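Here the structure comes first, spelled out in structure tokens, and everything after it is commentary.
One-based numbering, in listed order, for ligands and for the atoms of each. This structure is a prediction, so every number in the text was calculated from the model and none was measured.
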Amino acid sequence: MTIRAVAVGIGHYLPERVVPNSEFEATLDTSDEWIRTRSGIERRHFAADGETTSDLATYAARAALADAGLDINDIDTIIVATSTPDLTFPSVATMVQHKLGMQGGFGFDVQAVCAGFIYALTNANALIISGQVNRVLVIGAETFSRIMDWTDRSTCVLFGDGAGALILEAQTGKGTPQDRGILAVDLNSDGKYRDMLYVDGGVSTTGTSGKLRMMGNQLFRHAIEKLVATAETALAKAGLTDDDVDWIVPHQANIRIIKGTAKKMNVSMDHVIVTVQDHGNTSAASIPLALSIAVERGQIKRGELLVTEAIGGGLAWGAVVIRW
Ligand code: UT7
């Protein structure tokens, strides 16, 4: 008998305002054509004034609870992956806990930038399989529009806001790769690459929240190789290979990275979830958003094998293998 963390509900929220690439042409030396061909992005959503990360997270959480047919008090733990919290503290998770009226339990945030949802899933899985909790609400939520330098065309056209939420529940499996739930995880980070993607402000340095800085083309060179390695390591830990994959659910940063990773894994693009055109890069929210939309569209079905992978600031990267 093996305890598995099994997905029982999923949901997402996207802010109302949709910003097409063409909107940047008025203020920057850029074009819809450049953004589309270099990144695959066509539009993104931006949060309204006063709309915070915990608001987005709360809406996504409500959708996931409704999908699972659960009440917030059926949940033991909330984990929020974010790099754009409402405040330096308290955690977004405790704000969501309060907004949803959760009595008891506990919540905390995980910060691993674009790999945040992978790190959060790993934490949730550890809490469940060690028998400490039964149900975890795992949320990826970001308002990256708040940390853009609107004069920097190399970054501000790439990111967007949104949130996705997944509920994991302890269920009994047989201990085989045929079990539903999280089958394996793989996490990595390497702080020597700090300058490739960072925010130039913070509590103990400038006292401001800062703006995002990225050496996109240098990061691009690391991305495919590291994503393939972590995805294949996670699959091997689960006793599986690339051939077993029904769906890659990648972090949605750049269509060229998504295609390059799938090609190296010999997975056809018909088996890759792609939402980057509609959302841009929503950092820790990108994977749960893509998952939720794919389930809603009827692409991902119960029992199918997913490998989800991400890389971002740190650098931090990783993958999770999950049978839906
Ligand atoms: O989610 C976290 C992880 N992040 C990533 O994985 C991002 C990885 N990197 C990327 O996705 C790509 O590197 C970018 C989309 C950021 C950039 O694409 P690229 O093909 O690597 O372009 P580049 O940075 O090498 O820039 C090519 C040219 C430069 O001009 P010159 O030097 O060739 O004259 C840039 O100045 O494109 C220029 N450029 C732009 N031109 C029009 C940069 N941004 C823009 C822009 N519009 N918005």
Side-chain angles (χ1 to χ4, degrees), residues 19-44 81-84 111-120 140-145 147-162 164 188-191 193-199 211-231 248-262 264 272 274-277 279-290 308-319:
V19 177
N21 291 344
S22 55
E23 232 181 273
F24 293 100
E25 291 174 354
T27 52
L28 291 168
D29 179 15
T30 190
S31 64
D32 173 47
E33 215 259 326
W34 189 96
I35 302 168
R36 251 174 225 262
T37 52
R38 295 295 177 124
S39 72
I41 298 164
E42 296 172 21
R43 60 192 72 80
R44 73 289 290 140
T82 190
S83 302
T84 46
Q111 202 268 63
V113 203
C114 298
F117 196 73
I118 300 289
Y119 276 64
E142 302 280 14
T143 46
F144 260 52
S145 62
I147 53 166
M148 290 298 111
D149 172 351
W150 300 112
T151 65
D152 177 8
R153 67 177 185 173
S154 72
T155 55
C156 74
V157 302
L158 302 174
F159 293 87
D161 302 338
N188 310 268
S189 68
D190 191 338
Y193 299 117
R194 190 197 87 148
D195 291 347
M196 272 185 205
L197 178 51
Y198 67 101
V199 170
K211 300 293 175 200
L212 181 144
R213 307 292 168 204
M214 181 167 76
M215 297 161 154
N217 51 6
Q218 291 200 30
L219 180 46
F220 194 99
R221 283 183 217 128
H222 286 269
I224 296 173
E225 178 201 323
K226 287 186 164 46
L227 290 171
V228 171
T230 189
I248 301 179
V249 186
H251 170 49
Q252 310 283 321
N254 188 314
I255 190 65
R256 294 184 291 142
I257 295 173
I258 293 171
K259 284 184 175 166
T261 306
K264 283 211 162 165
V272 181
V274 180
T275 54
V276 67
Q277 71 284 359
H279 305 160
N281 183 346
T282 58
S283 195
S286 98
I287 287 172
L289 264 170
T308 179
E309 34 80 347
I311 185 166
L315 295 181
W317 67 102

Distance in Å, Thr84 OG1 paired with Ile147 CD1, rounded so as to fall on 0.5 Å steps: 6.0 Å

Out of curiosity, Ser83 OG to Glu142 CD, how far, rounded to the nearest 0.5 Å? 5.0 Å

Give a yes or no answer on whether the side chain of Asn254 reaches the backbone of Arg38 with a donor-acceptor pair at less than 3.5 Å. yes

Residues in contact with ligand 1, criterion: heavy atom under 4.0 Å: Asp29, Thr30, Trp34, Arg38, Cys114, Arg153, Ser154, Val157, Leu158, Leu197, Met214, Gly216, Asn217, Leu219, Phe220, His251, Ala253, Asn254, Arg256, Ile257, Asn281, Ile311, Gly312

Less than 4.5 Å apart, any side-chain heavy atom of Asp152 and any of Arg213? yes

Side-chain touch Val113/Tyr198, heavy atoms, less than 4.5 angstrom: no

Count the heavy atoms belonging to other residues, nucleotides or ligands that lie under 6.0 Å from NZ of Lys259, then report whether that count exceeds 12. no

